[in-house]
There are 2 protein chains.
Amino acid sequence: MSVHGDSEVLLTPAEVASMFRVDPKTVTRWAKAGKLSSIRTLGGHRRYKESEVQALLGAASDDADHADS
Amino acid sequence: MSVHGDSEVLLTPAEVASMFRVDPKTVTRWAKAGKLSSIRTLGGHRRYKESEVQALLGAASDDADHADS
DNA sequence: TGTTATTTGGGTAATTCGGGTG
DNA sequence: CCTGTCCGAATTACCCAAATAA
């Protein structure tokens with residue numbers, strides 16, 4: 001393993017926004033709302049875990065009605 | 001810029017609606033009916049894969065007669 | 001040390017959601 | 001069966017200037 005410790009890949013707000021096709025400001029709102037965990041740089045900028053973002057993105061569904069058989 | 005490149009491009013409901021010349025509401029119905037897969041933002045808004053939309057748009061059919069299979 | 005791009009923060013329009021109706 | 005529209009509520013997008021990141 002490297003000196004960076006584990007494979008903790010951090011993403012910038014622009015990266016996350018691009019992946020969700022939303023505005024970077026929206027990602028900031030998600031972080032403020034506690035919907036997405038964020039790590040702060042010493043200057044106050046936010047960074048997001050790629051693993052968490054990927055997990056949320058994987059929530060793609062067809063949203064079809066699968067009530068009956 | 002980083003070379004993180006998004007693996008898939010997502011479209012907003014308005015974008016898809018414009019491409020099909022229908023109301024965004026209709027696109028939502030397609031997603032609800034399972035005819036179109038959708039990814040949700042953390043706020044609940046839907047995003048659609050451009051590749052899937054393009055595939056459907058390119059699925060030009062002659063519409064001759066599809067009564068029997 | 002300086003330059004360029006990004007992020008932050010607050011406030012206001014535009015879009016989308018969901019259900020119900022024609 | 002499929003689509004367009006109305007409503008209220010929620011979410012998201014764009015405006016600015018200043019600070020941070022690389």
Side-chain angles (χ1 to χ4, degrees):
Chain A
M1 50 149 61
S2 64
V3 291
H4 296 120
D6 38 60
S7 2
E8 185 87 67
V9 181
L10 297 180
L11 300 175
T12 63
E15 286 280 343
V16 180
S18 170
M19 295 165 75
F20 275 97
R21 185 60 172 89
V22 294
D23 203 84
K25 207 61 150 308
T26 301
V27 179
T28 298
R29 277 199 207 92
W30 293 346
K32 274 185 188 169
K35 295 177 180 175
L36 184 62
S37 59
S38 62
I39 296 173
R40 297 278 222 164
T41 67
L42 299 188
H45 287 197
R46 298 185 182 82
R47 294 287 116 93
Y48 306 92
K49 298 181 188 176
E50 182 183 36
S51 57
E52 186 174 354
V53 173
Q54 290 288 0
L56 291 169
L57 269 176
S61 91
D62 280 351
D63 193 12
D65 238 359
H66 46 73
D68 69 329
S69 44
Chain B
M1 305 294 274
S2 56
V3 278
H4 276 270
D6 325 349
S7 46
E8 54 185 332
V9 180
L10 298 179
L11 299 175
T12 63
E15 289 274 330
V16 180
S18 176
M19 295 165 77
F20 276 99
R21 298 281 285 166
V22 294
D23 262 23
K25 189 82 169 185
T26 300
V27 179
T28 298
R29 292 186 188 281
W30 293 344
K32 221 186 310 186
K35 296 180 179 178
L36 185 61
S37 61
S38 63
I39 294 175
R40 298 277 203 150
T41 67
L42 299 194
H45 285 201
R46 296 185 182 83
R47 295 284 115 99
Y48 307 93
K49 299 179 189 176
E50 183 185 35
S51 57
E52 188 172 349
V53 174
Q54 288 291 357
L56 291 170
L57 277 172
S61 175
D62 215 289
D63 192 354
D65 141 304
H66 45 76
D68 129 51
S69 47

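Letters A, B, ... are given to chains in the order of the sequence lines, protein chains preceding strands, and every chain is numbered from 1. What you see below is based on every heavy atom in this structure, not just the backbone, and it leaves out hydrogens, waters and symmetry mates.
Rounded to whole Å, atom P of C:dT16 lies 14 Å from atom CG of B:Leu10. The separation between B:Arg40 atom CZ and C:dC17 atom P is 7 Å, rounded to whole Å. Atom CG of A:Leu11 and atom C1' of C:dT6 are 15 Å apart (whole Å).
Between A:Arg46 and the phosphate of C:dT7, there is no side-chain N or O to OP1/OP2 separation shorter than 4.0 Å.
In this structure, the helix from C:dT3-D:dA22 to C:dG19-D:dC6 shows an angle of 70° between the axis at its start and the axis at its end, each fitted on 5 base pairs and rounded to 10°.
A search for side chain to side chain donor-acceptor pair (under 3.5 Å) contacts involving B:Glu50 returns nothing, not counting sequence neighbours. Residues meeting the side-chain contact (heavy atoms from CB on, under 4.5 Å) test with B:Thr12, sequence neighbours left out: A:Arg21, B:Ala14, B:Glu15, B:Arg47. Residues that satisfy the side-chain contact (heavy atoms from CB on, under 4.5 Å) test with B:Arg29, not counting sequence neighbours, are B:Lys25.
The shortest side-chain heavy-atom distance between B:Lys49 and B:Leu10 falls under the 4.5 Å cut-off. Inter-residue side-chain proximity for A:Thr41 and A:Arg46 is flagged as unmet; no heavy-atom pair is nearer than 4.5 Å. Contact of the B:Val27 side chain with the B:Phe20 side chain is not registered, since no non-hydrogen atoms from C-beta on lie closer than 4.5 Å. Side-chain contact between B:Val22 and B:Trp30 is present, with at least one heavy-atom pair separated by less than 4.5 Å.
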> What string of B, S and - do you get for nucleotides 16-22 of chain D 5' to 3' if you count protein non-hydrogen atoms under 4.0 Å?
Replying inline: ----BSS
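With hydrogens and angles disregarded, a donor-acceptor distance shorter than 3.5 Å links the side chain of A:Glu52 to the backbone of A:Ser37.
Note: A:Ser18 OG to A:Asp23 CG = 11.5 Å, rounded to the nearest 0.5 Å.
The stretch residues 27-39 of chain A touches DNA chain C through A:Thr28, A:Arg29, A:Lys32, each having a heavy atom under 4.0 angstrom from the strand.
Linking Ile, Leu, Val, Met, Phe, Trp and Tyr whenever their side-chain heavy atoms come within less than 4.5 Å leaves B:Leu11 and A:Leu57 in two separate clusters. Linking Ile, Leu, Val, Met, Phe, Trp and Tyr residues whenever their side-chain heavy atoms come within less than 4.5 Å places B:Ile39 and A:Met19 in a single cluster.
Nearest-nucleotide mapping onto DNA chain D: of B:Asp23 and B:Thr12, the residue sitting toward the 5' end is B:Asp23.
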